[in-house]
Amino acid sequence: MVRIKKWQTLKEEGVDLFPHRAEITHSVTQVKKEFESLSAEELEKDGIRVSVAGRILTVRKMGRATFFHLGDALSRLQAYLRQDKVGPTEYQRFSLLDIGDIICIKGRLFRTRTGELTVLVEKYKFLAKCFHPLPEKWHGLQDVELRYRKRYLDLIINPESARVFWLRSALIAEIRKFFDERGYIEVETPMMQTIPGGALARPFKTFHNALGIDLYLRIAPELYLKRLVVGGFEKVYEINRNFRNEGISSQHNPEFTMLEFYEAYKDYHDMMEMTEELLVHLAQKLLGKLEITYGEHQISLQRPWKRIKFRQALVEYSGLSPAKLADKSAVIELASQLASEKTPLSYGKALDVLFDKQVKPRLIQPTFVINPPKEISPLAKSSPENPDEAERFELVIAGMEIANAFSELTDPIEQKKRFEQQAEERRKGDEETHPIDLDYVQALEYGLPPTGGEGIGIDRLTMILANKQSIREVILFPLLRPKD
RNA sequence: GGGCCGUUAGCUCAGAGGGAGAGCACCGGCCUUUUAAGCCGGGUGUCGCUGGUUCGAGUCCAGCACGGCUCACCA
């Protein structure tokens, strides 16, 4: 292989093939940021010298002078290498390098005839060999599978991909700041649980050898966070992974990142206010605007957002009359047609199916859908005006559920009853019910203050802000079937 | 899991029964402000895998693998 041979030649010429460090003054991105605004004259006058390391991305050789670009994940910087600057030995040695190799250069900044900020190289140092040719320079790496399997190649070659993950990182940092400034404590609760509660979903199962017990990867941190509110952490949040053993789609990855936060003395109306505040803040801070593009849609995050009752939404978007909606057997009948071969649906689940199918996809602008059936909300307080409804909302943007919140159920007796109802549903054949967690009930018996709680899907929020249609575009290493 | 589509050079893709193609990348040569640098020369391949049909299969058929979109379930 040609690249290996070149690399061996470097060794024969006494070049250190695995250097331990490089003396740099700037990253490629820093140079761009700091000096891009300076004119050719200013650069000439100031004589700014920099030492920058990066990957060789392009090379244009013209006899005794060569132009090339060094890149990091976000930007690229041009360099100009001349034989009369570095001498014939070093100049010729440069042809032993390949696109993809990592080097460090030192030199003065100037602007070329066409105006590009460029380093006039005085010295360069080999740092790492790239033994494989990089994907092509102007189509980049298109193959979606390869982009996910070899994410490093994607990041090297497609600046748009790197941009998404910088955005994601900034998003999470900003969320932390938001909660920290409001006096919240950030915590970590078990990822491995003996009772997988806090949501209705199938868990991953594993086994602890020393204890000889089954464990489940958590489907939500909810019950632990509320135990902490009982313990006096009145404002608490966690940003961490959840695991659900269910289908994979453009909106679902088996492990995904969730923000959950709980605040004592608040209810779900307060959570709506806070959600608007948080998302508006994030959009403003990260994108500098509230009118955003998502696929073919224009989405406005201008407050206040639409609030609509769950039942009202069903009437408005599914075209069912209120009378028809109240007819339990008719609703169940209709829903089971939509949800093929599902185990017998309860009335509440049937309504939920209709909502998911017929309403959710049509909610493009941010919409709080409030007061869904109590039956599908075993951890939420019921509404004082209508005991069949829960004090709960789902936030839908671009047809995706982004957030889910409620006034937490604080009554231990009622909570135990709800758990038992769930167990009853399970006996009837529903696999997605909430397991009974008596330890949690006991925590409630010590007194959980009125509390508002909410979960926000970080991956989906990133999708909205980064304008990506697939969750795999915002997860560095999405789950793929192993090859071979 | 179902349906539709895809898999050809390192990358991006064309090729539709007669024996493997282009651009970029790569190799050799020329070139001291280029930037999709240019000019001359060079094809580097398990056509996803396994069978089948055929004188002959990258091309047609079947099965399998992996992926994409979509439906179903979920957030």
Side-chain angles (χ1 to χ4, degrees), chain A residues 1-3 5-6 40 57-69 76-86 91 95 98-100 110-118 120 130-150 153-154 156-158 198-203 219-220 242-260 337-343 349 352-353 356-357 360 376 394-396 400-404 431-432 455-461 463 469-472 478 480-484:
Chain A
M1 207 173 140
V2 183
R3 286 184 178 231
K5 212 174 277 168
K6 285 185 181 176
L57 295 178
T58 64
V59 175
R60 292 174 294 284
K61 189 178 171 194
M62 294 150 25
R64 274 164 231 102
T66 299
F67 284 94
F68 58 95
H69 277 107
R76 45 183 61 187
L77 173 66
Q78 184 168 258
Y80 183 37
L81 183 77
R82 296 170 57 115
Q83 189 176 92
D84 59 11
K85 263 287 187 202
V86 297
Y91 187 80
S95 56
D98 288 297
I99 289 178
F110 75 107
R111 276 189 192 279
T112 59
R113 216 174 264 164
T114 51
E116 180 165 352
L117 184 66
T118 303
L120 179 59
C130 174
F131 292 106
H132 302 281
L134 290 184
E136 198 219 8
K137 61 186 170 195
W138 69 81
H139 292 98
L141 186 62
Q142 304 279 336
D143 185 309
V144 178
E145 182 183 358
L146 257 186
R147 287 185 43 233
Y148 299 155
R149 286 195 194 277
K150 299 187 196 260
L153 280 183
D154 183 37
I156 290 169
I157 218 76
N158 299 328
L200 310 178
R202 271 202 294 274
I219 57 173
N242 288 347
F243 307 85
R244 298 193 183 173
N245 204 343
E246 293 177 347
I248 295 176
S249 78
S250 58
Q251 290 178 36
H252 303 265
N253 194 60
E255 51 179 316
F256 62 102
T257 302
M258 187 86 148
L259 158 69
E260 282 206 12
Q337 279 168 14
L338 289 170
S340 60
E341 58 161 340
K342 244 219 118 183
T343 44
K349 285 236 171 178
D352 202 32
V353 167
D356 278 352
K357 291 274 153 249
K360 210 187 266 181
I376 54 169
E394 286 189 10
L395 170 65
V396 182
M400 283 192 290
E401 186 179 332
I402 299 296
N404 183 7
E431 280 183 49
E432 266 164 22
I456 297 183
I458 296 299
D459 313 276
R460 288 183 180 176
L461 186 55
M463 286 168 69
Q469 320 296 307
S470 168
I471 199 168
R472 293 174 168 205
L480 298 177
R481 200 182 293 273
K483 206 128 190 168
D484 296 327

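Chain letters run A, B, ... following the sequence lines, proteins first, then strands; residues in each count from 1.
Base pairing of B:rU44: its partner is B:rA25, meeting the Watson-Crick or G-U wobble criterion (both donor-acceptor distances under 3.5 Å). Across all strands shown, B:rA62 pairs with B:rU50; the Watson-Crick or G-U wobble distances both stay below 3.5 Å. Applying the Watson-Crick and G-U wobble criteria (two distances, each under 3.5 Å), B:rG56 pairs with nothing in any strand. With both pairing distances under 3.5 Å, B:rG67 is matched to B:rC5 as a Watson-Crick or G-U wobble pair.
When the C1' atom is compared between B:rC11 and B:rA16, the two are found 24 Å apart, to the nearest whole Å. With C1' as the reference atom, B:rU32 and B:rA37 are 13 Å apart, rounded to whole Å. For the C1' atoms, the distance linking B:rC13 with B:rU50 amounts to 27 Å, nearest Å. Separating the P atom of B:rG21 from that of B:rG42 is a span of 14 Å, rounded to the nearest Å. Only the P atoms considered, B:rG29 is 44 Å distant from B:rG17, to the nearest whole Å. Here the separation of B:rA25 from B:rG6, taken at their C1' atoms, is 24 Å to the nearest Å. For the C1' atoms, the distance from B:rC24 to B:rG3 is 37 Å, rounded to whole Å.
Out of B:rG68, B:rA75, B:rU12, the shortest distance to the side chain of A:Tyr148 is found at B:rG68.
The phosphate of B:rC26 has neither OP1 nor OP2 within less than 4.0 Å of any side-chain N or O from A:Lys6. Under 4.0 angstrom from either OP1 or OP2 of B:rC73 there lies no side-chain N or O belonging to A:Arg202.
Contact of A:Gln78 with B:rU34 (side chain to base): a donor-acceptor pair of N or O atoms is detected under 3.5 Å. You won't find any donor-acceptor pair under 3.5 Å spanning the side chain of A:Arg64 and the base of B:rU32, going by distance alone.
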